[in-house]
Amino acid sequence: MKDYPFVVRILMVIGLFLVASLALKIIIPVVTGLIGLIFKIAILLLIAIWLVNWLTKKRQRRY
């Protein structure tokens, strides 16, 4: 491994932080959007399943 001067190592760390922050600014909104979409679809699907089950449930009907 090369021995870089102290100033260059500090600049490399700063560059790494800048690249990491840029990546997080791109990745986090995409992931949270996908999670929100999955929850919205899952909640609607669960409500639909519950409603169909509730409407088609066999009940003891007394006449």
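One-based numbering along the sequence shown.
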Using distance only, find each side-chain donor-acceptor pair of residues 39-46 under 3.5 Å and give its atom names and separation, not counting sequence neighbours.
none

(message) Are Trp50 and Leu55 linked, directly or through intermediate hydrophobic residues, by side-chain heavy-atom contacts shorter than 4.5 Å (ILVMFWY only)?
(response) yes
(request) Working to the nearest 0.5 Å, report the span between OG1 of Thr32 and CD1 of Ile28. (result) 8.0 Å
(message) If you compare all heavy atoms of Val30 against all heavy atoms of Ile26, which two are closest, and at what distance to 0.1 Å?
(response) CG2-O, 3.4 Å
